[in-house]
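Taking it in order: structure first as structure tokens, then the write-up.
Computed from a predicted structure; not experimentally measured.
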Amino acid sequence: PDNLGELKSKIRATLSAAGANEVLTYSFVSGQLLENAGQSPDNSYKITNSISPELQYVRQQIVPSLLEKARENLREGYDKFALFEMNQVFWKSEGLNGENVPVQFDNFGFVIVDSKNTAGYYSAKKYVDELALGLGLTVQFVPRDKPHEVGVYFEPKRSADLFIRDKRIGMVGEIKNSVADRFKLPHQTAAAEMGVDLILDAIQESAKNKSYQKKSRFPSVERDITFQAVSNLEYAKLENLICKTLEKQKLWFQYVPLSIYQGDGQATKNISFRLSFASYEKTLGGEEIAVIMDAIAEGAKKDLKAEVI
């Protein structure tokens, strides 16, 4: 099985179901497109004897190409849509690999345009949340207030780095007004760019940390639980606490991360999970379920200073 291909299929299915449209654009772009996006052509490989001035450089990222296609869709009269693409990109600064060819990255790019929406960041964030849920991952949104070399087209104060555990996988945010103007797009146009290979690494690492459990023959119970915790509490610590508590109860269980939310300027954040669990011995009753949920809440409060809300 091709793990990368399977992941791309899941991304494709999740975003299509959420209403986005997949496109396939040229990997070769013009120097003007790079400059419009705020990227330096010096960091792109230049094609010798290119067949057109529009195809002189190998692109560094997916989003600039999508911004160009967004403009074409706007010109055709569409004022609300989302586009995404998965493809390889190259950074000249990354040099060559062991086979003496340019280092390549598998990237995922996403752009959402809504001429009537003034909250572009949150529209893009919603798609990232849907994608994370579909892949069974928890993505942390870490606010950014300074420009980033791999996201020069993002407005720093309205964008965020994306992390899975302690690994940065990309960025999401609103496009700078100056960049939107050059592409003739509405302000509040938003985008996301992520490394598909980085997402795959996170999934494989998560799978290594999960041990096999024999499924219970008794009905399982499903409950959502949200913790309010200090902003610097690591998601993994809550995850481990839930696992240890349910293992101590000798239950079959699964969990799916739902969201991590932190308001602007807030000292706390909310972390939500969906739990499924069952006894190996009997069908759990209401009081027994309450005891299990209380044990999780008490452990979180005692060990991590996190409150169930």
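No continuous path of ILVMFWY side-chain contacts below 4.5 Å connects Val308 to Tyr261, so the two sit in separate hydrophobic clusters. In terms of hydrophobic clustering, with Ile, Leu, Val, Met, Phe, Trp and Tyr side chains grouped at heavy-atom distances under 4.5 Å, Phe227 and Leu233 are assigned to a common cluster. Under a hydrophobic-cluster definition in which Ile, Leu, Val, Met, Phe, Trp and Tyr are linked whenever side-chain heavy atoms come within less than 4.5 Å, directly or via other members, Val230 and Leu304 are assigned to the same cluster. Under the 4.5 Å side-chain heavy-atom criterion for ILVMFWY residues, no single connected hydrophobic cluster contains both Tyr57 and Phe28. Residues Val89 and Val58 fall into different hydrophobic clusters, defined by Ile, Leu, Val, Met, Phe, Trp and Tyr side chains chained together at heavy-atom separations under 4.5 Å.
In this structure, Thr268 contributes its side chain and Gln228 its backbone to no donor-acceptor pair below 3.5 Å. Judged by distance alone, with hydrogens and angles left aside, the side-chain atoms of Ser16 form no donor-acceptor pair with the main-chain N or O of Ala13 at under 3.5 Å. Ser123 places a side-chain N or O within donor-acceptor distance of the main-chain N or O of Ala119, the cut-off being under 3.5 Å. The backbone N or O of Glu155 sits less than 3.5 Å from a side-chain atom of Ser159, completing a donor-acceptor pair. Between the side chain of Ser50 and the backbone N or O of Ser52 there is at least one donor-acceptor pair closer than 3.5 Å. Formation of a donor-acceptor pair under 3.5 Å by the Ser30 side chain with backbone atoms of Leu33 is found in this model. Side-chain atoms of Glu193 come within 3.5 Å of backbone N or O of Ile62 as a donor-acceptor pair.
Within 6.0 Å of atom NZ in Lys10, 12 or fewer heavy atoms from other residues, nucleotides or ligands are found, so the atom counts as exposed in its surroundings. Within a 6.0 Å radius of CD1 in Ile51, no more than 12 heavy atoms belonging to other residues, nucleotides or ligands are found. Around OH of Tyr45, the count of heavy atoms belonging to other residues, nucleotides or ligands within 6.0 Å exceeds 12.
The CD1 atom of Ile11 sits 6.0 Å away from the CG atom of Leu135 when rounded to the nearest 0.5 Å. Atoms CD and CG, on Gln61 and Leu66 in that order, are 11.0 Å from each other to the nearest 0.5 Å. Atom CD1 of Ile242 is separated from atom NZ of Lys237 by 15.0 Å, given to the nearest 0.5 angstrom. With rounding to the nearest 0.5 Å, the separation of NZ in Lys269 from CD in Gln262 is 6.5 Å. Here the CD atom belonging to Gln88 is positioned 7.5 Å from the OG atom belonging to Ser27, to the nearest 0.5 angstrom. The CD atom of Gln249 sits 8.0 Å away from the CD1 atom of Ile296 when rounded to the nearest 0.5 Å.
Between the side chains of Asn43 and Gln39, no donor-acceptor pair of N or O atoms lies under 3.5 Å. No donor-acceptor contact under 3.5 angstrom links the side chains of Asn270 and Thr226, judged on distance only.
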Inset, instruction - Might you work through the side chain to side chain contact (heavy atoms under 4.5 Å, CB included) test for Ile292 and Leu284, ending with a clear yes or no? - result: CA-CA 10 Å; Ile292 293 167; Leu284 294 172; 4.1 Å; yes

Legend entry - side chain to side chain contact (heavy atoms under 4.5 Å, CB included) between Tyr280 and Leu251, intermediate numbers included: CA-CA 7 Å; Tyr280 287 105; Leu251 301 169; 5.8 Å; no

Legend entry - Worked verdict on Lys69 versus Glu72 for salt bridge (Lys or Arg N to Asp or Glu O under 4.0 Å): CA-CA 5 Å; Lys69 295 306 174 187; Glu72 295 176 10; 3.6 Å; yes

Inset, instruction - I would like to know whether Ile225 and Ser272 meet side chain to side chain contact (heavy atoms under 4.5 Å, CB included); could you show each step before the answer? - result: CA-CA 6 Å; Ile225 187 169; Ser272 300; over 6 Å; no

Inset, instruction - Test Trp91 against Val103 for side chain to side chain contact (heavy atoms under 4.5 Å, CB included), laying out the working first. - result: CA-CA 7 Å; Trp91 285 68; Val103 175; over 6 Å; no

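Between Leu200 and Asn3 there is a side-chain heavy-atom pair separated by less than 4.5 Å. Residues Arg168 and Leu162 form no side-chain contact, since every pair of their non-hydrogen atoms from C-beta on lies 4.5 Å or further apart. Counting heavy atoms from C-beta outward, Arg182 and Leu67 have side chains that stay 4.5 Å or more apart. With a 4.5 Å cut-off on side-chain heavy atoms, Ser220 and Trp252 count as touching. When side chains are defined from C-beta on, Ile199 counts as touching Met194, because their heavy atoms get closer than 4.5 Å. With a 4.5 Å cut-off on side-chain heavy atoms, Leu4 and Asp106 count as touching. Residues Phe84 and Arg12 form a side-chain contact, since some pair of their non-hydrogen atoms from C-beta on lies under 4.5 Å apart. With contacts defined as side-chain heavy-atom distances shorter than 4.5 Å, the pair Asn36/Phe183 qualifies.
The list of salt bridge (charged side-chain N to carboxylate O under 4.0 Å, His left out) pairs with a residue in residues 285-297, not counting sequence neighbours, reads Lys282-Glu288. Every pair passing ring pair (Phe, Tyr, Trp, His ring centres under 6.0 Å) that includes a residue from residues 99-140 is listed here, sequence neighbours excluded: Phe110-Tyr127. Sequence neighbours left out, the pairs with a member in residues 56-66 that pass salt bridge (charged side-chain N to carboxylate O under 4.0 Å, His left out) are Arg59-Glu85.
When every heavy atom of Thr14 is checked against every heavy atom of Gly134, the shortest pair comes out as OG1-CA, 4.2 Å. Here the closest non-hydrogen pair linking Pro102 and Asn97 is O-ND2, 4.4 Å. Of all the heavy atoms in Lys92 and Ser44, the pair that sits closest is CD-O, 3.9 Å. Residue Phe218 comes nearest to Ala278 through the heavy atom pair O-CB, 3.8 Å, listed as atom of the first residue, atom of the second, then distance. Val63 approaches Gly109 most closely through the heavy-atom pair CG2-CA, 4.3 Å. Between Gly120 and Ile112 the shortest heavy-atom distance is O-CG2, 4.5 Å.
Figure legend: cation-pi geometry between Lys125 and Phe141, with NZ or CZ positioned under 6.0 Å from the six-membered ring centre and within 45° of its axis.
Ionic pairing of Asp181 and Lys176 is not present here: no N-O contact between side-chain nitrogen and carboxylate oxygen is shorter than 4.0 angstrom. Contact check on Lys301 versus Glu298 returns no salt bridge, with no Lys/Arg side-chain nitrogen under 4.0 Å from an Asp/Glu carboxylate oxygen.
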